[in-house]
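Encoded as structure tokens, the structure appears first; notes follow it.
Letters A, B, ... mirror the listed sequences (proteins, then strands); counts begin at 1. Note that the structure is predicted; figures quoted are calculated from it, not measured. Just so you know, these numbers use all the heavy atoms, side chains as well, and skip hydrogens, waters and symmetry mates.
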Number of protein chains: 2
Amino acid sequence: MDKRAIGVFDSGMGGLTAVKRLIEVLPGEDIIYLGDTGRVPYGGRSRETIIEYSRQDIAFLRSFDIKCIVAACGTVSTVALEAIENDYPIPIYGVAGMAAKAAAKATRNGRIGLIGTKASIGSGAYNRLILAELPEAEVIGRACPLFVPLVENGRVGVDDEVLRLVAEDYLEPIKRAGVDTLIMGCTHYPIIRAMIGRVMGDNVTLIDPGGETAVYVSERLKNAGMLSGCTKGERRYYVTDSPDGFGEMARLFLGSGDAYDISQVTINNF
Amino acid sequence: MDKRAIGVFDSGMGGLTAVKRLIEVLPGEDIIYLGDTGRVPYGGRSRETIIEYSRQDIAFLRSFDIKCIVAACGTVSTVALEAIENDYPIPIYGVAGMAAKAAAKATRNGRIGLIGTKASIGSGAYNRLILAELPEAEVIGRACPLFVPLVENGRVGVDDEVLRLVAEDYLEPIKRAGVDTLIMGCTHYPIIRAMIGRVMGDNVTLIDPGGETAVYVSERLKNAGMLSGCTKGERRYYVTDSPDGFGEMARLFLGSGDAYDISQVTINNF
């Protein structure tokens, strides 16, 4: 048994979709979440800046006694993680690596679609991760920069005309390329899973990186005898901008209207 | 004559729409521009964070010998400027104040529409600025958070269906309220002036804060005998994230494909 918490960080609030899945599969674990809301989004920033911000986020989480870290941010886990993950004495699980494994397992025709932020797609890291699992895979990637602002402005319904037009613009070329699996490579995308599924069709398997990571972490902790042994874990949330509005975002991403233990942190101290 | 440069800052690249207008009306002036691209956007952040970031931006500009500063960011000039403008020995012109003056002058029926980021609209600062000019004015404000990502993703044409749907959603309630003047209270909005004008109709006067500010600064410098006396000024551009992609954004906002003197600055040193 290991009562230390699991640390989770993201550029903003989207990483709560991964926390939601972690709570589902590991209800007894304590979770400490950092959302870098003062500097969100990472997606359009340079590699150097994303690495610097990630190091600060990890330094903050490591100011607590934690047993592992989940990099819930698609951008961090593709752009920065390879460069920094070996600098720390505890495991850091990037959602991208877990999604690549799941996609390689799910595909039947070897054609894997990938959607994410400009930085995630541009880094080529997802491609490297997928090819390491399945060397004959063909990856059809597409940056979908408007999905995040649409989700954050509540345009998430399957009947939303703007979301539909944008989703068709982004996804139809990927569909035409004949993929049978699509990695939703950004924390926000599972929120619009219904629309993505509608455009892609029933024959395409959608991979949710946060969900895959939650399952993987769960197995690793079980196998290593490192579960907390508790029935219900505690969750503490930290943000780098004002916590105002956290409740609204939490309802969107965490899907729950519960009360939250939420605090603000000065990230430049880390 | 005063050969010192004019400092201009913005949360990102949108402030270049104000620089464009400054170059048009004051071609002989040197301009130093700071775009805080490492922390853009300011629009959704807390007042405290926006004030802190603005102070750093101003401190950077003041590391040069400048004669005045233009706060080109709608969010800064509404949320932060009132709190900090008197702390400096040179004038700081906020685009919001100039736009409020112009709108009060332009309206015939006293009903003024206002669009901007959530923070700009939520601060109520534009309302105070307009009422100070025209106490009987009625201000109909609306946050339009999707306009910035749409512009930055090139969805700027009058034939863009997504932009049209979003613009109609945002603007039709303002139009129905009977405004005869609309302040485009965010640097990005002049780029989609054609679509905004199409939805609002020919009878509504559109106010471009950057343009109004350029004219005001020009008059102030002329009256004070503080023009540079040069024929063609130099422009230096600084960003807080990687300068990669600056050219593309400069073409979008500055409307020119010229070569640029562009450098990166570490804003946390200021």
Pick from Leu146(B), Val162(B), Thr49(B): which one has the most heavy-atom pairs with chain A under 4.5 Å?
Leu146(B)

Show the atom names and distances, to 0.1 Å, of all donor-acceptor pairs under 3.5 Å that link a side chain in residues 120-128 of chain A to residues at least two apart or in another chain.
unit_1, atom_1, unit_2, atom_2, d
Ser120(A), OG, Gly74(A), O, 3.4
Ser120(A), OG, Thr75(A), N, 3.4
Ser120(A), OG, Thr78(A), OG1, 3.3
Ser120(A), OG, Thr117(A), OG1, 3.3
Ser123(A), OG, Ser120(A), O, 2.9
Ser123(A), OG, Ala125(A), N, 3.1
Arg128(A), NH1, Ser123(A), O, 3.4
Arg128(A), NH2, Glu82(A), OE1, 2.9

Options Glu152(A), Glu161(A), Arg155(A), Glu48(A), ranked by heavy-atom pairs under 4.5 Å with chain B, top entry
Arg155(A)

Is Val148(A) close to chain B through its backbone or its side chain, or both, or neither, when contacts mean heavy atoms under 4.5 Å?
neither

Toward chain A, the part of Leu163(B) with a non-hydrogen atom under 4.5 Å:
neither

When you compare the side chain of Phe246(A) with that of Tyr237(A), does any pair of heavy atoms fall below 4.5 Å?
yes

Hey, is CG on Asp87(B) packed in by over 12 heavy atoms from elsewhere, all under 6.0 Å?
yes

Considering residues, nucleotides and ligands other than Glu168(B), do more than 12 of their heavy atoms fall under 6.0 Å from its CD?
yes

Heavy-atom distance under 4.5 Å to chain B: side chain of Tyr42(A), backbone, both or neither?
neither

Option that, when pairs with chain A are counted at under 4.5 Å, heavy atom only, ranks first among Asp244(B), Asp169(B), Thr240(B)
Asp169(B)

Relative to chain B, which of Arg39(A), Arg47(A), Arg164(A), Lys118(A) shows the most heavy atom pairs under 4.5 Å?
Arg39(A)

Hey, are the side chains of Phe270(B) and Arg55(B) touching, using non-hydrogen atoms and a 4.5 Å cut-off?
no

Relative to the ring of Phe64(B), is the ring of Tyr238(B) parallel (under 30°), tilted (30 to 60°) or perpendicular (over 60°)?
tilted

